[in-house]
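Okay, structure first, notes after.
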Amino acid sequence: MARVLSGVQPSGSLHLGNYLGAIRQWALDQFVADSFYCVVDLHGLTAEHDPGELRQRTLETAVGLLAAGLDPEVCTLFVQSHVHEHAELSWLLECTATFGELSRMTQFKDKSLGRESVRAGLFTYPALMAADILLYDADRVPVGEDQRQHLELTRDLALRFNSRYGETFVVPEAAIPKVAARVMDLQHPERKMSKSVESPLGTITILDSRDEIARKVRKAVTDTDGEVRYDPDRKPGLANLIELLAASTGRSVDEVVGGYTRYGPLKGDLAEALAGALAPVKARYEQLSADPASVAALLEKGAAKASAVASATLRRAQQAIGLLMPGSADR
Ligand code: TYM
């Protein structure tokens, strides 16, 4: 059975980009692959954060993942910091990566641009992400388009480590969806949808009500030429709406384009489709968040399952790279 791993940062309510770009696929993969999913709280330390808020969001993000369809009986759901091997393997991979390749990461460049003080962890972030993946011998990593470069680096690090120190890691593949791999902000369609605090009207979260979804879709920025055509360069706002409708109804982009001559009806159908898809997620979220102790217990179980796999891989990597194993005289 193939192994799958993916992760999400606890940076606020899960949004439509997270859901369509990644998490919906996770919920399908769990039935066909041995799947590990984590809330990457250590990655949440790479930018300014509030300790209490981070803790709360970590739990809320786990609740969001369960609400979006992850079944802890079928997959392994855990919090990254509960499995100490992530931080430990990260160091070995920092010592495998070079300063030059980490400097080329576009996400680092974007996030550090114009900032006076940038945490060192933001720079080494991709090594930690590579550790998340390589610890589980993942064959496949379902992510949105924005993670492609990090996945390429992960592959490079795995290959380099294997060739220097002997076969240690499985070299993973990114699994990026055909549509909605890069969901754009509804108000600023030139940038990707992200945390709702940055653009409340441009971001649809999994907890938005039917009315909020309808309002945000109605107000979504399009263009004035009025022609229904898929042209992400010249008509990014409309192209985003077309992709969202395709992704949320299972139709192709061409089918969606062929079905409309005006923007209004397309927006109306999109609001309906999104509200229909997200209503059960929101309902499950409300139910689950009433019992945080059960969610915490289930995360503890997930961490125990994850640790069993992670500790074996870490040992293999430590041995390969030349660390003297405790209690061993092996050379
Ligand atoms: P994060 O937390 O930003 O996002 C979680 C997942 O959602 C996808 N995504 C999107 N997809 C389409 N359109 C968007 N607008 C959009 N925004 C987010 C992301 O591609 C991602 O798949 N570095 C990762 C977290 C991570 C990870 C890992 C992922 C840490 N370790 C190991 C995979 C494997 C991140 O910041 O994702």
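Computation of the quantities below employed the complete heavy-atom set of this structure, encompassing side-chain atoms and omitting hydrogens, waters and symmetry-equivalent molecules. Starting from 1, each residue takes its place in the sequence as its number. Numbering of ligands and ligand atoms starts at 1, following listing order.
- For atom 13 (N) of ligand 1, the closest heavy atom belonging to the protein is V183 N, 2.8 Å.
- Protein heavy atom in closest approach to atom 17 (N) of ligand 1: H15 CE1, 3.4 Å.
- To the nearest 0.5 angstrom, K216 atom NZ is 13.0 Å from L270 atom CG.
- Sparse packing is recorded around CZ of R55, with 12 or fewer heavy atoms of other residues, nucleotides or ligands lying under 6.0 Å away.
- Contacts of A180 with ligand 1, taken as heavy-atom pairs under 4.0 Å, involve the backbone alone.
- Looking only at protein heavy atoms, the nearest one to atom 10 (C) of ligand 1 is G17 O, 3.3 Å.
- Shortest contact from atom 31 (N) of ligand 1 to any protein heavy atom: D132 OD2, 2.6 Å.
- Between V143 and ligand 1, no N or O atom pair is found at a separation short of 3.5 Å.
- Taking only non-hydrogen atoms, the option from P126, G7, P172 nearest to atom 25 (C) of ligand 1 is G7.
- Ligand-side atoms of ligand 1 in range of L5: 32 (C), 34 (C), range being under 4.0 angstrom from any heavy atom.
- Numbered from 1 in the order shown, with element, the atoms of ligand 1 that lie under 4.0 Å from a heavy atom of V40 read 30 (C), 31 (N).
- The shortest distance between side-chain heavy atoms of W26 and L70 falls below 4.5 Å.
- In summary, the side chains of S199 and Q187 do not present any donor paired with an acceptor at a separation below 3.5 Å, with no hydrogens or angles considered.
- When each atom of ligand 1 is checked for a heavy atom of V141 under 4.0 Å away, the hits are 33 (C), 34 (C).
- Here the shortest heavy-atom distance to atom 23 (N) of ligand 1, taken over W26, Y125, Y37, Y19, belongs to Y125.
- The side-chain heavy atoms of L20 and P177, taken from C-beta on, include no pair separated by under 4.5 Å.
- Using a 4.5 Å cut-off on side-chain heavy atoms (C-beta onward), L59 and V79 make no contact.
- Distances between N or O atoms of G21 and those of ligand 1 include no value under 3.5 Å.
- For S194, the heavy-atom gap to ligand 1 stays at 4.0 angstrom or more.
- If you check the side chains of D29 and S35, you find no donor sitting under 3.5 Å from an acceptor.
- Annotation: side chain of L186 is not in contact with side chain of K219 (no heavy-atom distance under 4.5 Å).
- With rounding to the nearest 0.5 Å, the separation of CZ in R57 from NE2 in H49 is 11.5 Å.
- Looking from atom 7 (O) of ligand 1 to the surrounding protein, the closest heavy atom is N18 ND2, 3.2 Å.
- Looking at atom 20 (O) of ligand 1, its nearest protein heavy atom turns out to be D146 OD1, 2.4 Å.
- Closest to atom 12 (C) of ligand 1 among all protein heavy atoms lies A181 O, 3.2 Å.
- Between Q147 and ligand 1, a contact under 3.5 Å exists for at least one N or O pair.
- Sequence neighbours left out, the pairs with a member in residues 303-312 that pass side-chain hydrogen bond (donor to acceptor under 3.5 Å, both in side chains) are T76-K305.
- Near A22, meaning under 4.0 Å from one of its heavy atoms, ligand 1 places the atoms 6 (C), 7 (O), 22 (O).
- Residue-to-ligand polar distances keep P142 apart from ligand 1: every N/O pair is separated by 3.5 Å or more.
- The single protein non-hydrogen atom nearest to atom 1 (P) of ligand 1 is Q9 N, 4.2 Å, given as residue, atom name and distance.
- Between the side chains of Y230 and E243, at least one donor-acceptor pair of N or O atoms lies under 3.5 Å.
- Here I206 contributes atom CD1 and H15 contributes atom NE2; the two are 10.5 Å apart, rounded to the nearest 0.5 Å.
- Each of the atoms 12 (C), 13 (N) of ligand 1 lies under 4.0 Å from some heavy atom of R182.
- With a 4.0 Å cut-off on non-hydrogen atoms, H43 touches ligand 1 through its side chain and not its backbone.
- Between D223 and Y263, the side chains place a donor N or O and an acceptor N or O closer than 3.5 Å (distance only, hydrogens not considered).
- Nearest-residue assignment for atom 32 (C) of ligand 1 (options L20, D185, I133; heavy-atom criterion): I133.
- The presence of a protein heavy atom under 4.0 Å from atom 3 (O) of ligand 1 is ruled out.
- At a threshold of 4.5 Å between non-hydrogen side-chain atoms, the residues L244 and V217 do not count as touching.
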